[in-house]
Amino acid sequence: MGSRLSQPFESYITPPPGTAAAPAKPAPPATPGAPTSPAEHRLLKTCWSCRVLSGLGLMGAGGYVYWVARKPMKMGYPPSPWTITQMVIGLSIATWGIVVMADPKGKAYRVV
């Protein structure tokens, strides 16, 4: 029932007679540089200079987006829906920067 594409792919491949199906391969071992536990994801939490640099970068980007949207309004043009959207996005990016500096990755919340 159904088209050929809705059937499992394995049903189209038949092994040659006299051969057994190969056992499934186990997952490859983790690479040496890959983190193996959540305890190793602490760089943004413990590196104060990384947090400040990232937070200030996001705050600067958000301020720039807000400033670019606000500039026509200072010249006397009425705000359009797109201008207000740009201002909200700029404020959101700047707020994201504050969150990165203050509480990266939800450090203040206990995970159970």
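- Closest of all the heavy-atom pairs between M87 and A69 is CG-CB, 3.6 Å.
- Under a hydrophobic-cluster definition in which Ile, Leu, Val, Met, Phe, Trp and Tyr are linked whenever side-chain heavy atoms come within less than 4.5 Å, directly or via other members, M59 and Y64 are assigned to different clusters.
- In this model, no donor atom of one side chain and acceptor atom of the other lie less than 3.5 Å apart for S92 and T95.
- Hydrophobic clustering (side-chain heavy atoms under 4.5 Å, transitive across Ile, Leu, Val, Met, Phe, Trp, Tyr) groups I98 together with M101.
- Closest of all the heavy-atom pairs between I84 and P79 is CG1-CB, 4.3 Å.
- Under the 4.5 Å side-chain heavy-atom criterion for Ile, Leu, Val, Met, Phe, Trp and Tyr, W67 and M73 are members of distinct hydrophobic clusters.
- Inter-residue side-chain proximity for Q86 and R70 is flagged as unmet; no heavy-atom pair is nearer than 4.5 Å.
- With contacts defined as side-chain heavy-atom distances shorter than 4.5 Å, the pair L53/S49 does not qualify.
- Taking every heavy atom of both residues into account, V100 and S54 meet most closely at CG1-CB, 4.0 Å.
- Hydrophobic clustering (ILVMFWY, side-chain heavy atoms < 4.5 Å, transitive): I93 and V68 are in distinct clusters.
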